[in-house]
Number of protein chains: 2
Amino acid sequence: MDLNHYREEDKVLLAVDCIIFGFDKHHLRILLIKRNFEPESGKWSLIGGFMKREEDLDQAAVRVLEALTGLRDIYMEQLQAYSKVDRDPGERTISVAYYALIDVDSHQFDGPRLETAQWFKLSEAPDLIFDHNDMVEKAVARLRRRALKRPIGFELLPEKFTMRQLQTLYESILDKKLDKRNFVNKINSLDVLIKLDEKDMTVARKGAYLYTFDKEKYDRKVAEEGFNFKI
Amino acid sequence: MDLNHYREEDKVLLAVDCIIFGFDKHHLRILLIKRNFEPESGKWSLIGGFMKREEDLDQAAVRVLEALTGLRDIYMEQLQAYSKVDRDPGERTISVAYYALIDVDSHQFDGPRLETAQWFKLSEAPDLIFDHNDMVEKAVARLRRRALKRPIGFELLPEKFTMRQLQTLYESILDKKLDKRNFVNKINSLDVLIKLDEKDMTVARKGAYLYTFDKEKYDRKVAEEGFNFKI
DNA sequence: ACACATAAGTGTTTTTTGTACATTTCTAAG
DNA sequence: CTTAGAAATGTACAAAAAACACTTATGTGT
């Protein structure tokens with residue numbers, strides 16, 4: 001913030017682009033949309049839109065996501081701004097990337113452009129327009145760092161889940177195999193899961209116990225500033 | 001990026017604000033400037049200015065910093081965008097925060113507004129305008145996280161420095177005392193410093209060995225993805 | 001009804017990393 | 001030549017991470 005007068009001629013368009021990560025019990029996925037307008041019509045892109053004068057960027061991200069997919073009450077977090085002069089061939093546009101984590105199966109699309117939005121496995125995602133590939137790469141790095149600091153899963157898993165699913169989630173995020181016993185020991189030592197009496201009988205003859213997050217305990221621990229989740 | 005037409009009415013002013021951290025061999029400091037224009041004239045603020053149409057945000061940050069302080073060739077990194085609707089009472093402005101690390105003693109100010117820029121101890125910094133306090137808080141958190149991941153010091157220390165100075169730097173960043181022997185052991189185990197034959201005789205009768213970073217080794221190690229600098 | 005296939009569930013040992021801690025060395029100054 | 005003051009240095013203990021393999025439960029198929 002400086003310069004003695006606020007000049008009209010240097011105003012620019014501000015957009016938000018959302019990297020929506022999803023987990024479907026097997027794979028980490030990303031939500032993309034096929035553009036049906038120029039420029040770059042027909043190509044895949046992140047979900048995005050322009051910020052309006054009367055809202056801030058966080059609000060714009062929430063609004064845009066709901067408008068295009070029907071997804072609501074999704075927690076989103078800002079990544080960073082992308083501002084290369086020629087990033088959008090249509091007009092000078094600065095875009096601020098947001099990312100979010102959701103459980104694929106418990107969120108239904110019903111946005112107006114539903115037919116064009118699609119979940120891709122992260123490893124099989126198509127090439128994206130503009131600098132969206134960079135945004136995704138950055139978001140993946142952030143997700144990875146974050147997964148090592150806190151037990152994610154609140155957002156990416158359904159209410160009830162098996163230990164195996166949580167491990168698979170971590171394996172997809174970190175893109176490496178983890179040892180089952182060490183993983184379970186680590187998770188249990190964190191003491192933020194509740195083991196239910198219920199079993200998921202679809203995954204094995206024996207069945208697998210279901211767990212939920214103990215949100216209260218979790219919040220208390222985060223507040224007490226003690227979480228290190230190195231796996 | 002969406003919507004079928006790029007609308008004129010939703011353009012906004014884009015600013016950059018720079019959190020410049022400095023180290024003067026004793027304290028971690030932050031560079032602030034006294035505003036001499038409205039709004040909020042006379043109050044302290046971060047160094048900032050507007051992005052121009054023909055540059056990107058990174059370039060704007062570099063330009064603004066040099067224009068106001070004469071500081072050049074400073075590596076800066078984007079933090080995030082601040083976009084509250086009423087954050088700047090003058091006009092709707094979105095600001096993107098940048099932060100940088102420099103060695104206070106080896107950088108001279110000679111910008112046109114030199115007289116108004118001033119280094120503050122981080123702990124004694126005055127209240128800042130707008131949302132600049134938030135920006136600083138966020139930048140400190142980032143600096144702290146970063147210090148735990150990589151040996152900073154390249155940027156915050158002079159070419160040659162003593163082990164004690166490096167430790168003091170870490171102590172100011174992390175805001176806690178560290179054990180001298182453990183610190184030295186840790187640093188040495190990283191194997192990225194070169195111990196010179198030279199001593200700094202000003203710090204003790206005995207003198208203290210000077211070190212430099214072995215940038216090549218450092219870069220190689222970072223590339224090989226192996227650094228964890230928990231202290 | 002019994003054997004089989006399949007994934008779940010579970011502990012211990014070894015290795016690595018972090019932490020706590022005290023004495024000796026060097027040299028300029030008096 | 002004594003002294004003051006910061007630099008330099010290593011070891012033992014504790015905690016955390018990593019490596020590692022067998023048993024259990026139950027639905028399915030014969």
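Naming convention: chains lettered A, B, ... in sequence-line order (proteins, then strands); numbering from 1 in each chain.
- Not counting sequence neighbours, the partners of B:E198 by the side-chain hydrogen bond (donor to acceptor under 3.5 Å, both in side chains) test are B:K160.
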Report all side-chain donor-acceptor pairs from residues 188-196 of chain A shorter than 3.5 Å, counting only partners two or more places apart or in another chain.
| unit_1 | atom_1 | unit_2 | atom_2 | d |
| --- | --- | --- | --- | --- |
| A:N188 | ND2 | A:V184 | O | 3.3 |
| A:S189 | OG | A:K186 | O | 2.7 |
| A:D191 | OD1 | A:K217 | NZ | 3.2 |
| A:D191 | OD2 | A:K217 | NZ | 3.4 |

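- A straight line from CG of B:D200 to P of C:dT27 spans 14 Å, rounded to a whole angstrom.
- When rounded to the nearest whole Å, the span between CG of A:N185 and P of C:dT13 equals 14 Å.
- The residue B:K180 sits close to a base: some heavy atom pair falls under 4.0 Å.
- The CG atom of A:D197 sits 13 Å away from the P atom of C:dG9 (whole-angstrom rounding).
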Please list each protein N or O that sits under 3.5 Å from an N or O in nucleotides 24-26 of chain C, with the distance.
| unit_1 | atom_1 | unit_2 | atom_2 | d |
| --- | --- | --- | --- | --- |
| C:dT25 | O2 | B:K206 | NZ | 3.0 |

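- Computed from coordinates, the A:Y209 OH to C:dG9 C1' distance equals 9 Å when rounded to whole Å.
- Straight-line distance from the CG atom of B:L148 to the P atom of C:dT17: 17 Å, rounded to whole Å.
- To the nearest angstrom, C1' of C:dG11 lies 11 Å from CG of A:N182.
- The backbone N or O of A:K121 sits nowhere less than 3.5 Å from a side-chain atom of A:E124 that would complete a donor-acceptor pair.
- Remark: A:Y75 pairs with A:E77 by the side-chain hydrogen bond (donor to acceptor under 3.5 Å, both in side chains) rule, at least two apart or across chains.
- Not counting sequence neighbours, A:F23 has no partner by the ring-ring contact (aromatic ring centres under 6.0 Å, His included) test.
- Screening residues 168-185 of chain A for side chain to side chain donor-acceptor pair (under 3.5 Å), with sequence neighbours left out, gives A:Q167-A:E171.
- The CG-C1' distance, from A:D179 to C:dT12, rounds to 13 Å in whole Å.
- Across the interface with DNA chain C, nearest-nucleotide mapping of A:G207 and A:R181 shows A:G207 to be the residue nearer the 5′ end.
- In this structure, B:Y82 has no ring-ring contact (aromatic ring centres under 6.0 Å, His included) partners at least two apart in sequence or on a different chain.
- Scored by the side-chain hydrogen bond (donor to acceptor under 3.5 Å, both in side chains) test, B:D131 finds B:R87 as partners (sequence neighbours excluded).
- At a threshold of 4.0 angstrom between heavy atoms, the contacts of B:M163 with the nucleic acid are absent.
- Of all nucleotides in DNA chain D having an atom under 4.0 Å from a heavy atom of chain A, the first and last in 5' to 3' order are D:dA17 to D:dT28.
- Remark: A:F120 engages A:W44 in a ring-ring contact (aromatic ring centres under 6.0 Å, His included) (not counting sequence neighbours).
- Under 4.0 Å is where a charged nitrogen must lie from a carboxylate oxygen, and between A:D134 and A:K138 no such pair does.
- Non-hydrogen atoms lying under 4.0 Å from DNA chain C are contributed by nothing in residues 169-178 of chain A.
- Among residues two or more places apart in sequence or in another chain, the ring-ring contact (aromatic ring centres under 6.0 Å, His included) test is passed with A:Y211 by none.
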